[in-house]
Structure formats: C-alpha cells, structure tokens
J.: 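Let me begin by handing over the structure; questions about it come next.
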Amino acid sequence: MIMLLRLSAGLAGWAMAFCLIYALHGMGCAAGWDTLRTSGFSVHQAVLLAAWALSLAATLAIALWLRRYRATALDRAAAALGWVGFAATLITFAPIAIVPACT
C-alpha cells in the first residue's frame, strides 16, 4: 500500500496542480480578474503565477522526498515518477500561467 502511494505521489501532485490552476483560470475569467491590474500583471495572471509557483514547490518537495528511497527498483521508479510529476508541472502549466486567455 505504501509503495503504491509512493509510486503515484509525483503524478498525483501534478494532478492536484492541474485541478488548482485550471479552476483558478476559470474562476478568474468568470470574475473578470484579467481586467484588474497590479504591478504590471493582471490579477488573473498574478494568481495563476502564484498557483504555479506553489505547485512547482510542492511537486519539487515530493520529488526530493522520494529521492531518499533507493533500496529497490520500485523505490527508484517512485523517485523517477516524482521527477516526472515536477517536470510535467513545469512544462504543462507554463502557457496557462504566462499567457492567460479569457474570451
């Protein structure tokens, strides 16, 4: 059971980030956050960037935590999947956080 949690932790972190960022994107578009400005960014973009940074920190923490387990092949696979979750968070949310599009 514990190994299954370790194996899925990195991708579960990415999935939670996916839900958070896209929910905030929809809420921001519906509430008109893209029309409000603060420090050169729209409020919408600032919220998405903050959520992305929080998600990156969380998935990096998961990857670093999983890295300390190296005893078996499954432990090494869990560590690799932790890094996959971090990389997926970094790559897949860059467009939505950097260039939000509300139509």
Side-chain angles (χ1 to χ4, degrees):
M1 177 67 172
I2 296 297
M3 181 49 67
L4 181 60
L5 290 174
R6 276 195 231 146
L7 281 168
S8 62
L11 295 176
W14 172 82
M16 286 185 245
F18 183 90
C19 292
L20 172 68
I21 290 173
Y22 280 97
L24 287 172
H25 182 265
M27 287 172 43
C29 286
W33 294 350
D34 57 325
T35 60
L36 304 171
R37 305 297 289 174
T38 179
S39 303
F41 293 102
S42 70
V43 171
H44 190 227
Q45 195 171 20
V47 167
L48 291 177
L49 286 170
W52 186 35
L54 177 69
S55 300
L56 284 171
T59 54
L60 179 61
I62 291 169
L64 292 173
W65 175 71
L66 290 170
R67 190 177 76 172
R68 64 186 188 158
Y69 298 102
R70 294 289 192 162
T72 67
L74 283 176
D75 289 330
R76 289 187 295 278
L81 287 171
W83 288 109
V84 167
F86 173 73
T89 303
L90 178 66
I91 293 167
T92 59
F93 301 126
I96 195 69
I98 295 169
V99 186
C102 295
T103 55

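None of these values were measured; they are calculated from a predicted model. The basis for the numbers below is simple: all heavy atoms, side chains too, and nothing from hydrogens, waters or symmetry mates.
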J.: What are the two closest non-hydrogen atoms of Gly40 and Arg37, and how far apart are they?
T.: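 It is O-NH2, 3.2 Å.
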
J.: So which heavy atom on Gly10 is nearest to which on Leu66, and how close?
T.: N-CD1, 4.4 Å

J.: Taking the side chain as every heavy atom from C-beta outward, state whether Trp83 and Leu64 have any pair of such atoms under 4.5 Å apart.
T.: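 Trp83 vs Leu64: side chains touch.
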
J.: Do Leu90 and Val84 sit in the same hydrophobic cluster, where Ile, Leu, Val, Met, Phe, Trp and Tyr count as joined when their side-chain heavy atoms come under 4.5 Å apart?
T.: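 In one cluster with Leu90: Val84, no.
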
J.: Looking at OG1 of Thr89 and CE of Met16, how far apart are the two atoms once the value is rounded to the nearest 0.5 Å?
T.: 10.5 Å

J.: Taking ring-ring contact (aromatic ring centres under 6.0 Å, His included) as the test, write out the residues that go with Tyr22, two or more places apart.
T.: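 Result, ring-ring contact (aromatic ring centres under 6.0 Å, His included) vs Tyr22: Phe18.
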
J.: Let me confirm one number: the CZ-CG distance from Arg68 to Asp75, rounded to the nearest 0.5 Å.
T.: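 Answer for the CZ-CG pair, Arg68 versus Asp75, is 11.0 Å.
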
J.: Same hydrophobic cluster for Leu49 and Leu36, using side-chain heavy-atom links shorter than 4.5 Å among ILVMFWY?
T.: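 Yes.
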
J.: Determine whether Leu7 and Phe86 fall in the same hydrophobic cluster, where Ile, Leu, Val, Met, Phe, Trp and Tyr are linked whenever their side-chain heavy atoms lie under 4.5 Å apart.
T.: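 Unlinked, Leu7 and Phe86 end up in two clusters.
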
J.: On a heavy-atom basis, which atom in His25 and which in His44 lie closest, and how many Å separate them?
T.: O-NE2, 3.2 Å

J.: Could you report the tightest heavy-atom contact between Leu24 and Ala51, atom names first, then the distance?
T.: CD1-CB, 3.6 Å

J.: In Å and rounded to the nearest 0.5 Å, what is the CH2 to CD distance from Trp52 to Gln45?
T.: 11.0 Å

J.: Working to the nearest 0.5 Å, report the span between CG of Leu74 and CG of Leu81.
T.: 10.0 Å

J.: If you take all heavy atoms of Leu48 and Ile96, which pair is closest and at what distance?
T.: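 Closest heavy-atom pair between Leu48 and Ile96: CD1-O, 3.4 Å.
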
J.: I need the full list of disulfide (SG to SG under 2.5 Å) pairs touching residues 7-58, with sequence neighbours left out, sorted by first then second residue.
T.: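 Residue pairs passing disulfide (SG to SG under 2.5 Å), neighbours aside: Cys29-Cys102.
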
J.: Work out which heavy atom in Thr35 is nearest to a heavy atom in Gly32; give both atom names and the distance.
T.: OG1-O, 2.7 Å

J.: Are Val47 and Met27 co-members of a hydrophobic cluster defined by side-chain heavy atoms under 4.5 Å apart?
T.: yes

J.: Give me the ring orientation class for Trp14 and Phe93: parallel if the planes are under 30° apart, tilted from 30 to 60°, perpendicular past 60°.
T.: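 Trp14 and Phe93: parallel rings.
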
J.: Which salt bridge (Lys or Arg N to Asp or Glu O under 4.0 Å) pairs, counting each pair once, include a residue from residues 55-65, with sequence neighbours left out?
T.: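 Applying salt bridge (Lys or Arg N to Asp or Glu O under 4.0 Å) to every pair that reaches into residues 55-65, excluding sequence neighbours, yields nothing.
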
J.: Within this structure, what is the CD1-OG1 distance for the pair Ile21 and Thr92, rounded to the nearest 0.5 Å?
T.: 7.5 Å

